[in-house]
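In what follows, every heavy atom counts, from backbone to side chain, and hydrogens, waters and symmetry copies are set aside.
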Amino acid sequence: MIKKIPVLDLKDGQAVSGKSGLRDTYQPLQTVFAPSSSPVEIAQGLKLNGADELYIADLDLIESNGHNVNEIKMVNTIIPVMLDAGVKNVEAFSFFLDYAFKIIVPTETLEDINELYNIFEKFPKERIVISVDVKDNELYCKKLDLSFNEFKKILIELDPAEIILLDISGVGTNHGYNKELLDEFEEMKDKLIIAGGLNKDSIEELEKLGIKKVLVGTSLHSGEITII
């Protein structure tokens with residue numbers, strides 16, 4: 001059975017929701033799992049409904065505009081957290097290991113490809129998740145001068161335990177998964193976590209294709225789909 005990992009985006013100490021990565025338009029999250037947008041309350045509700053892992057993106061950290069690490073550390077005592085804190089290098093990766101179980105290394109924020117090699121050299125693979133961030137079907141990275149195919153070759157060499165395929169353009173839209181993007185990573189299918197705009201139908205399709213994990217936000221918090 002496909003594993004559905006709930007998504008929480010945090011900003012100013014609360015969970016928020018938005019579309020297509022337009023972070024300045026995000027509003028407090030309304031969710032069936034809690035009466036408020038408190039990350040701790042939502043995590044408790046998610047655990048009661050069967051969640052055993054949680055993806056958190058700290059939007060303030062990603063944008064270098066404060067942080068939500070105290071809330072994240074509390075949530076991590078309730079459900080193991082897979083954290084996107086906008087890691088740029090090995091030092092940042094090491095720091096956030098005290099706050100979450102797994103740390104995401106996103107192409108969006110990684111400052112140098114050598115830092116990725118250093119992370120894999122120093123830390124166990126089970127605590128590293130690479131996020132392949134894609135916007136308008138192109139690799140989304142602010143500092144890396146790499147094509148999509150060049151980065152794919154690096155992934156094959158590093159052989160990570162888990163790879164998030166995040167279609168930023170689809171976030172919050174409920175439009176379903178990006179088939180073209182998934183086809184690009186067919187040979188790494190067992191490692192993939194698909195994310196960005198998934199709905200009930202697309203999750204069922206991904207399960208039939210053999211995908212083992214997905215990240216779900218909007219469709220889960222609205223009650224359209226369940227964790228189990």
Side-chain angles (χ1 to χ4, degrees), residues 1-10 14-17 29 31-34 37-59 61-62 68-87 93 95-106 119 123-133 160-167 170-172 177 185 188-200 202-204 206-207 209-228:
M1 190 178 194
I2 198 165
K3 181 176 181 177
K4 290 168 265 186
I5 302 170
V7 169
L8 283 186
D9 290 332
L10 301 191
Q14 63 180 350
V16 295
S17 64
L29 177 67
T31 175
V32 297
F33 298 102
S37 57
S38 157
V40 171
E41 282 190 22
I42 296 169
Q44 289 167 336
L46 287 166
K47 186 174 184 179
L48 285 171
N49 283 274
D52 62 5
E53 190 170 17
L54 176 60
Y55 168 103
I56 290 182
D58 187 330
L59 302 184
L61 273 171
I62 292 168
N68 300 274
V69 293
N70 296 324
E71 289 84 357
I72 291 161
K73 195 163 191 174
M74 282 191 285
V75 169
N76 194 52
T77 66
I78 301 166
I79 305 176
V81 169
M82 177 191 298
L83 174 62
D84 181 357
V87 163
F93 186 94
F95 175 82
F96 291 120
L97 284 173
D98 287 339
Y99 295 90
F101 179 60
K102 295 176 185 175
I103 308 300
I104 294 164
V105 185
I119 289 167
F123 301 104
K125 281 186 182 181
E126 62 267 21
R127 300 198 71 181
I128 307 168
V129 182
I130 294 180
S131 181
V132 180
D133 302 328
E162 293 181 307
I163 302 166
I164 294 172
L165 280 190
L166 176 58
D167 183 5
V171 170
Y177 68 99
F185 284 83
M188 302 179 206
K189 194 164 66 175
D190 289 349
K191 302 173 182 292
L192 296 182
I193 303 172
I194 307 300
L198 300 182
N199 54 36
K200 188 175 182 180
S202 60
I203 290 170
E204 288 173 1
L206 288 167
E207 186 165 20
L209 291 171
I211 297 298
K212 294 181 169 62
K213 294 184 180 183
V214 291
L215 298 182
V216 282
T218 305
S219 56
L220 184 70
H221 292 296
S222 69
E224 180 196 342
I225 63 170
T226 58
I227 295 167
I228 297 174

Practice problem: Dump the intermediate steps for side-chain contact (heavy atoms from CB on, under 4.5 Å) on L220 and L46, then the final yes or no. | Solution: CA-CA 10 Å; L220 184 70; L46 287 166; 4.3 Å; yes
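- In this view, E71 satisfies the salt bridge (charged side-chain N to carboxylate O under 4.0 Å, His left out) rule with no residue, not counting sequence neighbours.
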Using atom types as modelled, flag every donor-acceptor pair under 3.5 Å from a side chain in residues 37-45 to any protein atom, sequence neighbours excluded.
residue, atom, partner, partner atom, Å
S37, OG, Q14, OE1, 3.0
S38, OG, V40, N, 3.4
S38, OG, E41, N, 3.3
E41, OE1, S36, OG, 3.0

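- Looking only at distances, no side-chain donor or acceptor of S219 sits under 3.5 Å from a matching main-chain atom of E224.
- Considering L29, V216, L215 in turn, L215 is the only one that fulfils the side-chain contact (heavy atoms from CB on, under 4.5 Å) rule with V7.
- Separation of atoms CG (D167) and CG (D133) is listed at 10.0 Å; rounding is to 0.5 Å.
- Applying the salt bridge (charged side-chain N to carboxylate O under 4.0 Å, His left out) rule to K4 yields no partners; only residues at least two apart in sequence or on another chain are considered.
- For the atom pair CG (L83) and CD1 (I72), the distance works out to 4.5 Å, reported to the nearest 0.5 Å.
- Among residues two or more places apart in sequence or in another chain, the side-chain contact (heavy atoms from CB on, under 4.5 Å) test is passed with A57 by D9, Y55, L59, I62, D84.
- Judged by distance alone, with hydrogens and angles left aside, the side-chain atoms of S222 form a donor-acceptor pair with the main-chain N or O of T218 at under 3.5 Å.
- Here the NZ atom belonging to K125 is positioned 9.5 Å from the CD1 atom belonging to I130, to the nearest 0.5 angstrom.
- Residues satisfying the ring pair (Phe, Tyr, Trp, His ring centres under 6.0 Å) test with F95, not counting sequence neighbours, are Y99.
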Practice problem: Run the numbers on I103 and L97 for side-chain contact (heavy atoms from CB on, under 4.5 Å), then give the verdict. | Solution: CA-CA 7 Å; I103 308 300; L97 284 173; 3.6 Å; yes
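- Between I211 and I2, some side-chain heavy-atom pair lies under the 4.5 Å cut-off.
- L206 has its side chain within reach of L198: a pair of non-hydrogen atoms, C-beta onward, lies under 4.5 Å apart.
- In this structure D52 satisfies the side-chain hydrogen bond (donor to acceptor under 3.5 Å, both in side chains) test together with K3, sequence neighbours excluded.
- Here K102 pairs with E53, M82, V129, E162, K213 under the side-chain contact (heavy atoms from CB on, under 4.5 Å) rule; sequence neighbours left out.
- Residues satisfying the salt bridge (charged side-chain N to carboxylate O under 4.0 Å, His left out) test with K212, not counting sequence neighbours, are D190.
- The aromatic rings of H221 and F33 sit perpendicular to each other, their planes meeting at more than 60°, with 30° as the lower class boundary.
- By the 4.5 Å heavy-atom criterion applied to side chains, F101 and N76 are counted as neighbours.
- Of the possible polar contacts, none joining the D58 side chain to the A85 backbone as a donor-acceptor pair under 3.5 Å is found.
- Residues passing the side-chain contact (heavy atoms from CB on, under 4.5 Å) test with F185 are V132, F148, K152, L155, L165, L181, M188, L192, sequence neighbours excluded.
- I194 contributes atom CD1, which lies 9.5 Å from atom OH of Y177 (distance to the nearest 0.5 angstrom).
- The side-chain contact (heavy atoms from CB on, under 4.5 Å) test with L8 singles out one residue from L54, V75, V16, and that residue is L54.
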